[in-house]
Every structure is written in C-alpha cells, then in structure tokens.
Amino acid sequence: MHVIDFVVFIVFTLGVVVFGCSFFKKGSSAEEFTSAGHSIPGWVVGMSIFATYVSSISYIGYPGKAFAADWNAFVFSLSIPIASYFAAKYFVPFYRHSGSVSAYTFLEEKFGAWARLYASACYLLTQIARMGSILYLLAVPMYILMGWDMHTVIIQTSIGIIIYSMMGGLKAVIWADAIQGLILIGGALLCLGILMFSMPEGPMQTFELAAHSPMGNKFSLGAFTSDLTTSTFWVCLIYGIFINLQNYGIDQNYVQRYHAAKTDKDAKFSALFGGYLFIPVSALFFLIGSALYSYYEAGIAPLPAEIQAKPDYVFPYFIVNGLPVGLRGLLIASIFAAGMSTVSTSVTSAATIILTDYVRPFFLKVRSEWREVRGKRIVQTQTEATDTSLTSHSLPLTSKKHQKLELAIVRLSSFGVGLLGACIAIAMLSVESIIDAWWTLSSIFSGGMLGLFLLGCIPQTINRWAALAGCFAGIVVIAWISLASLWNLPGLHLHPYLAIVLGTTVIFLTGFLATIIVAKRK
C-alpha cells in the first residue's frame with residue numbers, strides 16, 4: 001500500500017471517529033442520546049437511512065454476487081418503493097405520535113409484555129448477526145490490501161465504532177452516516193468509471209461480455225418460475241417485500257430515525273428519500289460486479305484462482321491492483337464508511353432497546369412524572385424552533401441521578417453489543433458468500449415479528465392468547481424451513497429466504513383465525 005493511500009484511509013477513519021466524538025455533551029440524557037433531541041433535518045435523516053441500507057454487505061457483497069452469478073439479488077431493491085410508501089403513509093405518523101422511542105411498546109400495549117420481549121429479542125439477534133457480517137467485510141479489503149490479520153482489523157474497527165457511538169449517541173451516528181453516504185457513492189462512481197473506460201473496445205464492451213457470458217446473462221434478474229426451492233425472481237421479490245416492510249415498520253434502526261427528524265414532514269421525506277436513493281446505488285454496485293467480470297474476462301489483468309473462488313474478495317482485489325495511487329485509499333475509506341455507518345446504527349439502536357425494553361421495565365422501576373402535550377405547539381425556546389406537526393409527545397421528567405444512570409446503562413450496552421458483533425464477525429471468517437449468509441440469518445432471526453406487528457395493526461381486536469399461539473406456530477415453521485435442508489429432514493425443503501415470508505404469514509393467519517374461533521365459542 002502506497003503511503004498516500006495509507007494516509008487517505010487513516011485520515012478518513014480517524015476523522016469519522018473524532019467527528020462522532022465531537023457530539024459528546026456532558027449534560028446529556030438517555031432521551032437525547034436515543035432520539036437526537038428531535039432536531040435533525042429530513043435530508044440528513046434520509047441519507048442516514050440510505051447509509052444504513054448500503055453497508056459493506058452492499059459494497060462488497062453485491063459486486064461479488066454479480067461477478068459470480070447475475071443480478072438476481074437486485075430484485076430485493078425493487079421491492080423498496082412499496083415499503084417506503086407504507087412508511088411515509090402509515091408508519092412515520094404512527095411512531096411519531098406514539099410517545100415512545102421503542103418500536104415495540106406498541107406490541108406490549110396490544111398483547112402484553114411477552115410480545116414486546118419476543119420482538120425485541122428477535123431484533124437484537126438480527127442486529128448482532130448484521131454487525132458480524134459487516135465487520136467481517138470491513139476486514140476483507142485490509143487483509144488483501146496489506147496482509148493485516150483479519151481478527152485484528154475486526155477488533156480495532158469495532159473499538160473505533162463503539163467509541164464514537166458511545167460518546168455522541170444517535171445524533172453523531174446520523175450526521176456521520178450522512179457524510180459517509182456521500183463518500184461511498186462518490187467512491188463507487190469513480191471505480192465504475194475506471195472499470196468501464198479501461199476496456200480495450202470502450203465501455204460498451206462491458207455489457208457485451210457480461211451479457212454473453214458462458215454461464216449465462218450476467219444481467220439476468222433470475223428465473224421467473226414458480227420454484228420455491230431456489231432463489232428465483234419471485235422468491236427474491238417476496239423476500240424483499242417482507243423484509244423491507246419489517247425494516248420500515250418495526251426495525252428500531254428506522255423508528256429511531258423517525259423520532260430524530262424535526263417534524264412529521266421531515267420524517268416522511270426521509271423515509272422516501274432514503275429508500276428510493278438505495279435503488280440506483282444498489283444497481284451501481286451490481287454494475288460494478290458485472291464490469292469486474294468483463295474486465296478480467298477481457299484479459300486486462302490476471303485474476304488468481306484463489307481470489308476467483310471467493311467472489312467477495314474480487315472487488316477488494318481490483319481496488320488493490322487496478323486503481324491508481326490515492327484512489328485506492330479513497331475506495332477503502334468508502335468501504336469503511338459504508339460499514340461503520342451501519343454498525344454504529346446497529347450499536348445505538350440495540351443499546352436503546354436494551355434500555356427501553358429490558359432495563360427500564362424490570363430493573364429501574366422508579367416513579368416518573370410525564371408531561372403530555374396533545375394538540376399543542378411544542379416550542380423549543382432555546383433554539384427558537386417550533387414543531388406544529390407533532391401532536392402527541394411524552395418526555396420523562398426524572399431526577400438527574402436517574403438520568404445519569406440511564407445514560408451510563410445505554411453506553412455500557414453499546415459497548416457490550418459492539419463486542420458481541422465483533423465475536424460474530426470472527427466466527428464468520430469461513431463463510432463462502434456473505435450475502436447468502438446474512439440474508440439467511442436475517443430471515444431466520446427476524447422470527448416473523450412482522451406478522452405480530454400486522455396483527456396489532458388490524459382494526460379487529462386480537463386475542464392475546466391467539467397472538468401467542470400464532471407466534472409459536474410461526475417459530476415452528478421458521479425452524480422447519482431453517483433446519484430441513486441442513487439436517488436433510490423428510491418432506492418439502494424450501495429456500496431459507498422464505499423463512500420470514502412463511503413465518504410472518506403463519507403468525508398473522510393463526511392469530512387472526514384463532515381469535516375468530518375463540519369469539520364464536522364465547
């Protein structure tokens with residue numbers, strides 16, 4: 001690695017950590033730490049939502065997927081407009097007026113404490129798995145670039161992310177996300193331009209070679225068959241619809257950002273802006289993967305067999321060997337930008353859930369007065385800012401000692417969650433495709449909690465025991481789909497991506513039908 005590349009990378013990485021730490025406020029509270037004081041502009045929140053989507057999984061995994069196969073995984077991105085619309089129309093107003101920063105308070109009100117604990121536990125498992133996947137992908141380019149030990153890179157990167165997440169809270173995470181999002185888009189565009197204009201016959205040769213590959217059309221979105229055992233177009237689309245509805249509807253990462261925006265209008269804009277921006281940028285990453293295939297197929301540079309066998313390594317290998325001095329450091333920095341933004345988001349949101357759903361209800365049972373503001377204008381006298389759209393909001397008025405204790409707990413939780421994510425990343429060093437591993441874990445750990453959320457949203461009152469029975473049935477279905485192929489069990493073997501689809505459907509239908517049966521018997 002040239003000294004210029006090293007300087008660019010180090011300056012950027014340390015700059016992000018210092019920038020995040022600059023948001024440290026001595027007299028802060030847990031409320032401000034977890035909701036950023038409801039003071040962030042809509043476009044910044046939208047960039048943060050986008051940066052949360054574009055993690056290292058996208059930056060390295062998508063090009064690796066397109067290089068080795070096709071654009072089938074891009075179908076996932078095509079489902080985002082549906083989820084973004086529902087978020088702006090229904091989810092944002094609902095959570096903005098709920099009075100709680102936790103996405104799962106609503107479930108407790110509907111079905112009892114067990115529902116909140118079930119959904120929050122599924123969320124925590126999903127976020128820890130996600131952090132592990134991303135930290136692993138952050139270590140890959142440094143291993144290829146400089147031969148650094150991947151364990152060391154994972155641990156050191158985790159420490160940096162944990163520090164600024166603990167110091168600055170959600171405000172630091174959101175502003176850092178916005179800056180990192182701009183950098184990663186610029187880095188990806190530069191890389192694609194170099195790949196396409198390096199082709200001997202010009203940029204169009206990229207499309208010709210990729211479209212006529214011996215393995216088939218590299219731009220294919222997958223088979224349009226009804227086969228549910230492989231990753232067809234329809235399997236990816238249905239998976240994307242369910243997972244994105246879950247992201248926007250019940251994922252703490254997104255719910256906290258709805259609360260962080262200044263007004264309802266800003267929050268709605270952020271949901272649409274962040275989701276729609278991801279579509280062209282994800283297409284950019286898949287195009288990089290196709291361009292990488294054409295680049296090496298044209299014989300411009302050799303590709304070692306050991307790198308070709310690990311598709312996730314191809315893009316980092318090109319960065320090391322195919323980019324000029326200076327740009328290498330920028331691209332590595334942009335990959336780190338993608339990963340750091342997503343991991344810091346997961347750290348902060350998971351710490352918030354630990355405080356609001358576990359520590360407060362069970363370990364901090366103290367009397368708190370609540371100030372209710374309904375149908376009135378909230379005037380922030382210090383900043384002379386007003387919010388005429390926030391019609392219901394609750395703020396805890398607790399002692400300073402209690403606020404300091406909560407802030408210490410949420411920061412300690414940030415440290416613990418970050419440490420667990422690093423352990424999962426080390427355990428993932430042997431996986432072949434990080435996209436497949438992450439999507440499978442996400443589908444399983446989500447636990448069909450979207451089904452429980454949808455049960456709570458329908459007008460008809462759902463029996464609590466019926467909802468519990470639905471969750472139990474959904475867990476059984478998810479376990480079957482997850483283990484049938486692994487253990488070679490008899491019967492139908494479905495693709496693991498369908499775990500969240502069928503789990504959600506079974507929970508919803510079982511809870512709904514069981515409620516009707518109980519009502520008729522009564």
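- At a threshold of 4.5 Å between non-hydrogen side-chain atoms, the residues Thr348 and Lys171 do not count as touching.
- Aromatic rings from Tyr313 and Tyr317 are positioned such that their centres are separated by 6.0 Å or more.
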Going through the checks in order, is the side chain to side chain contact (heavy atoms under 4.5 Å, CB included) test met by Leu323 and Asp5?
-> CA-CA 11 Å; Leu323 295 184; Asp5 298 316; over 6 Å; no
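- Atom OG of residue Ser290 and atom CG of residue Leu209 lie 11.0 Å apart, to the nearest 0.5 angstrom.
- When all heavy atoms of Ser158 and Ala422 are compared, the closest pair comes out as OG-CB, 3.4 Å.
- Contact of the Met131 side chain with the Ile424 side chain is not registered, since no non-hydrogen atoms from C-beta on lie closer than 4.5 Å.
- For the atom pair CG (Leu125) and OG (Ser120), the distance works out to 10.0 Å, reported to the nearest 0.5 Å.
- Side-chain contact between Phe315 and Cys191 is present, with heavy atoms from C-beta onward closer than 4.5 Å.
- Side-chain atoms of Val343 and Leu135, non-hydrogen and from C-beta on, do get closer than 4.5 Å to each other.
- Ion pairing between Asp251 and Arg130 fails under the 4.0 Å rule for side-chain N and carboxylate O.
- The aromatic rings of Tyr248 and Tyr254 sit tilted, their planes meeting at an angle between 30° and 60°.
- With hydrogens and angles disregarded, a donor-acceptor distance shorter than 3.5 Å links the side chain of Ser270 to the backbone of Ala267.
- With no hydrogens or angles considered, no side-chain donor-acceptor pair links Gln252 and Thr352 at under 3.5 Å.
- Taking the six-membered ring where tryptophan is involved, the planes of Trp71 and Phe74 are perpendicular, since the angle between them exceeds 60° and thus also 30°.
- The backbone N or O of Ile319 sits nowhere less than 3.5 Å from a side-chain atom of Arg328 that would complete a donor-acceptor pair.
- Within the 4.5 Å cutoff, the side chain of Met428 has heavy atoms near those of the Ser133 side chain.
- Within the 3.5 Å criterion, the main-chain N or O of Ile279 finds a donor-acceptor partner in the side chain of Ser282.
- A donor-acceptor contact shorter than 3.5 Å is absent between the side chain of Tyr123 and the backbone of Ile353.
- Counted by atom type alone, Thr345 and Asn253 present zero donor-acceptor pairs between their side chains at under 3.5 Å.
- Counting heavy atoms of neighbouring residues, nucleotides and ligands inside a 6.0 Å radius, atom CZ of Phe86 does not exceed 12 of them.
- Side chain of Ser48 to main chain of Val44: no donor-acceptor pair is present (N/O by atom type, distance under 3.5 Å, no hydrogens or angles).
- Side-chain atoms of Lys218 come within 3.5 Å of backbone atoms of Ala69 as a donor-acceptor pair (strictly under, hydrogens ignored).
- Across all their heavy atoms, Asp177 and Ser344 have their closest contact at OD1-OG, 3.9 Å.
- Atom CG of Leu189 sits about 5.0 Å away from atom CG of Leu284, to the nearest 0.5 Å.
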Checking side chain to side chain contact (heavy atoms under 4.5 Å, CB included) for the pair Trp43/Met47: CA distance, chi angles, key distance, verdict?
-> CA-CA 6 Å; Trp43 73 269; Met47 281 299 299; 4.1 Å; yes
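- Within the 4.5 Å cutoff, side-chain heavy atoms of Leu195 are placed close to those of Leu292.
- Contacts classified as side chain to side chain donor-acceptor pair (under 3.5 Å) and involving residues 203-215 (residues at least two apart or in different chains) are given here: Ser213-Tyr293.
- Ring-plane geometry between Phe233 and Phe224 is classed as parallel, the angle between the planes falling under 30 degrees on a 0 to 90 degree scale with a further cut at 60.
- The aromatic ring centroids of Tyr258 and Phe91 lie 6.0 Å or more from each other.
- Under the 3.5 Å distance criterion, the side-chain polar atoms of Tyr104 are matched with a main-chain donor or acceptor of Ile250.
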Show your reasoning for whether side chain to side chain contact (heavy atoms under 4.5 Å, CB included) applies to Ile194 and Leu327.
-> CA-CA 10 Å; Ile194 291 172; Leu327 282 181; 3.4 Å; yes
After noting the C-alpha distance and the side-chain angles of Ile354 and Val410, does the key distance pass the side chain to side chain contact (heavy atoms under 4.5 Å, CB included) rule?
-> CA-CA 8 Å; Ile354 290 173; Val410 79; over 6 Å; no
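- With hydrogens and angles ignored, the 3.5 Å screen pairs no side-chain donor or acceptor of Lys262 with any backbone N or O of Gly42.
- In this structure, CG on Leu303 lies 11.5 Å from CZ on Phe318, to the nearest 0.5 angstrom.
- With contacts defined as side-chain heavy-atom distances shorter than 4.5 Å, the pair Leu124/Gln127 does not qualify.
- Counting non-hydrogen atoms of neighbouring residues, nucleotides and ligands closer than 6.0 angstrom, the CZ atom of Phe219 exceeds 12 such neighbours.
- Ser349 and Gln256 get closest at one heavy-atom pair: CA-OE1, 2.9 Å.
- Distance CD/Gln308 to CZ/Phe67: 5.0 Å, rounded to 0.5 Å.
- Residues Leu272 and Ser84 approach most closely at CD2-O, 3.6 Å, considering heavy atoms.
- Across every non-hydrogen atom of Ala298 and Pro200, the tightest pair is CB-CD, 4.4 Å.
- Between Phe285 and Leu184, some side-chain heavy-atom pair lies under the 4.5 Å cut-off.
- In terms of modelled atom types and a separation under 3.5 Å, the side chain of Tyr95 and the main chain of Gly249 share a donor-acceptor contact.
- To the nearest 0.5 Å, atoms OH (Tyr296) and CD1 (Ile307) are separated by 9.0 Å.
- Asp357 pairs by the salt bridge (charged side-chain N to carboxylate O under 4.0 Å, His left out) definition with Arg116, not counting sequence neighbours.
- The closest donor-acceptor contact from the side chain of Ser79 to the backbone of Phe76 lies under 3.5 Å.
- Residues Val153 and Ala139 share a closest heavy-atom pair of CG1-CA, 3.7 Å.
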